[in-house]
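Here the structure comes first, spelled out in structure tokens, and everything after it is commentary.
FYI, the numbering just counts along the sequence from 1. Since the model is a prediction, treat every value here as computed from it, not as a measurement.
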Amino acid sequence: MPATESRHRQTREAHKVTLIGAVVDFVVGMAKLIAGLLVGSAALVADGIHSFSDIVTDVFVIAATHFGRQAPDSDHPYGHGRIETLATLWLGSVLIFVAGGIAWASLSRLLDGEPVPAPGGWAIAIALAALLAKEWIYHYTLRVARRIGSRLLEANAWHSRSDALSTLVVLVGLVAAQAGIGWMDAVAAIVVGIMVGQVGGKLLWDSSQELIDTALPLADRTALQTTAESTPGVRGVHDLRTRKLGSDVLLDLHIVVPPRVTVSEAHEIGNEVTRRLREAFPSLSDVTFHIDPEDDAGETAHSLRPGLPLRDDVQRRLDAAWHDLAVWQHRVDLDLHYLDDRIDVSLYVDSLPADTTLDQAADMLRLRVDRLSWVGRLRLWQGPGRG
């Protein structure tokens with residue numbers, strides 16, 4: 001399935017489950033709020049407000065998933081995934097704010113010693129029905145979130161789960177109040193506030209880690225490296241780096257290949273690595289690889305070291321040393337291999353001067369470039385022209 005079509009399908013799924021959740025939140029919130037006001041239960045009223053706060057976040061989730069899953073453009077070449085990250089931060093902040101309000105109001109009521117009347121069986125029944133509804137929407141949303149790989153949707157699922165858990169605590173408080181232990185209602189409301197605050201804090205922490213480009217867990221990075229290293233032609237993988245961008249994962253890595261393969265073969269080995277990685281890890285949205293002819297892990301970056309001469313300069317210096325030699329004048333091709341901070345030179349000829357062996361000609365070439373410190377191995381090849 002094309003990436004654009006897949007994104008559109010995932011966005012539709014996210015919108016559908018979030019809209020269903022919003023309807024559930026509205027019905028549940030109204031029921032809890034009305035029942036709480038009628039029976040004088042601070043915990044039930046607080047839980048109703050929590051449910052209504054879910055509606056606000058549902059709307060925000062819909063907007064964030066719509067814009068956050070748009071395809072990359074010229075101004076946002078890596079996509080818009082950070083929109084989902086920012087939305088998750090906002091969601092966590094809202095939860096902490098709601099938690100503080102609930103806990104403060106309930107603590108004040110507990111300290112004031114306000115009497116709490118018995119709520120009645122129907123209020124308990126409403127709380128139980130709300131608990132079952134929120135638990136169902138939690139599981140439904142979480143399944144969709146994991147199927148489409150949306151951290152924001154998963155956060156919203158846990159928001160629903162926090163409402164279900166808080167309703168469970170409220171239910172305990174209502175049963176206790178019905179049994180004559182009225183102060184349990186206020187204690188239950190405080191516990192609700194703490195639980196909601198913990199969920200909000202976790203969302204803030206996870207999103208902040210994403211904003212500072214924290215790597216994937218070690219187990220995931222190890223699995224990525226193992227998959228890359230299992231590709232034929234790969235001699236090693238190093239400098240593997242990962243980061244999250246909304247629901248997407250970005251990866252870059254260095255791939256060590258045999259040092260004397262052609263550029264096109266080395267590039268195709270890298271392409272095969274990316275194909276295998278994407279097949280094994282569908283959440284990968286962008287893979288950048290760097291081909292290395294030798295393992296330079298842990299060494300100073302090449303851009304910070306003195307450079308070696310490039311082909312034009314190499315040919316000019318070799319010509320100054322070999323200009324009068326027939327094997328140089330009638331060369332067919334010249335290969336350069338930059339290895340171990342030196343340049344290995346392979347010279348191809350279709351014929352040798354009369355009464356000259358391949359070894360003699362190679363020895364003469366080596367003698368002439370002995371003063372060029374950057375010359376590594378020098379090899380002379382005789383055979384059909386290389387075209």
[X] side, atom [atom1]; [Y] side, atom [atom2] - distance, nearest 0.5 Å:
X	Y	atom1	atom2	result
W381	D333	CH2	CG	13.0 Å
T242	L240	OG1	CG	6.5 Å
R379	L365	CZ	CG	14.0 Å
L318	W328	CG	CH2	5.0 Å
T141	I20	OG1	CD1	8.5 Å
I34	I126	CD1	CD1	8.0 Å

For [X], is the [atom1] atom crowded, meaning more than 12 foreign heavy atoms sit under 6.0 Å from it?
X	atom1	result
R371	CZ	no
E279	CD	no
R241	CZ	no
F26	CZ	no

Shared hydrophobic cluster, [X] / [Y] (ILVMFWY, side-chain heavy atoms < 4.5 Å):
X	Y	result
L358	L334	yes
L251	V256	no
L38	L33	yes

Can you find a heavy atom in the side chain of [X] that is under 4.5 Å from one in the side chain of [Y]?
X	Y	result
D252	V287	no
V327	M364	no
D355	Q360	no
L224	L253	no
L308	R342	no
W322	V369	yes
H267	N271	yes
T357	L352	no

Do [X] and [Y] sit within salt-bridge range, that is, some charged N less than 4.0 Å from a carboxylate O?
X	Y	result
R317	D313	yes
R143	E13	no
R276	E272	yes

Point to revise | Step-by-step side chain to side chain contact (heavy atoms under 4.5 Å, CB included) determination, D296 to H238 | key: CA-CA 8 Å; D296 58 0; H238 61 272; 2.8 Å; yes

Restricting to non-hydrogen atoms, name the atom on [X] and the atom on [Y] that form the minimum distance, rounded to 0.1 Å.
X	Y	value
L310	Y338	CA-OH, 3.4 Å
I291	A266	CD1-O, 3.4 Å
L380	A362	CD2-N, 3.8 Å
P309	V314	O-CG2, 3.5 Å
Y138	A157	CD1-O, 3.1 Å
I255	G270	CD1-CA, 3.9 Å

Are the side chain of [X] and the backbone N or O of [Y] linked by a donor-acceptor pair below 3.5 Å?
X	Y	value
R331	L347	no
E294	D340	yes
R243	L250	no

Review point. When the ring planes of H254 and H290 are compared, do they come out parallel, tilted or perpendicular, using 30° and 60° as the limits?
Key: tilted

Exercise for review: Would you mind listing every salt bridge (charged side-chain N to carboxylate O under 4.0 Å, His left out) that reaches into residues 255-265, with sequence neighbours excluded?
Suggested key: R260-D344

Donor-acceptor pairs under 3.5 angstrom involving side-chain atoms of residues 228-237: please list them, not counting sequence neighbours.
| residue | atom | partner | partner atom | Å |
| --- | --- | --- | --- | --- |
| E229 | OE2 | Q225 | NE2 | 3.1 |
| S230 | OG | T227 | O | 2.7 |
| T231 | OG1 | A228 | O | 3.2 |

**Study point:** Criterion salt bridge (Lys or Arg N to Asp or Glu O under 4.0 Å) against R368, the qualifying member of D319, D324, D363
**Key:** D324

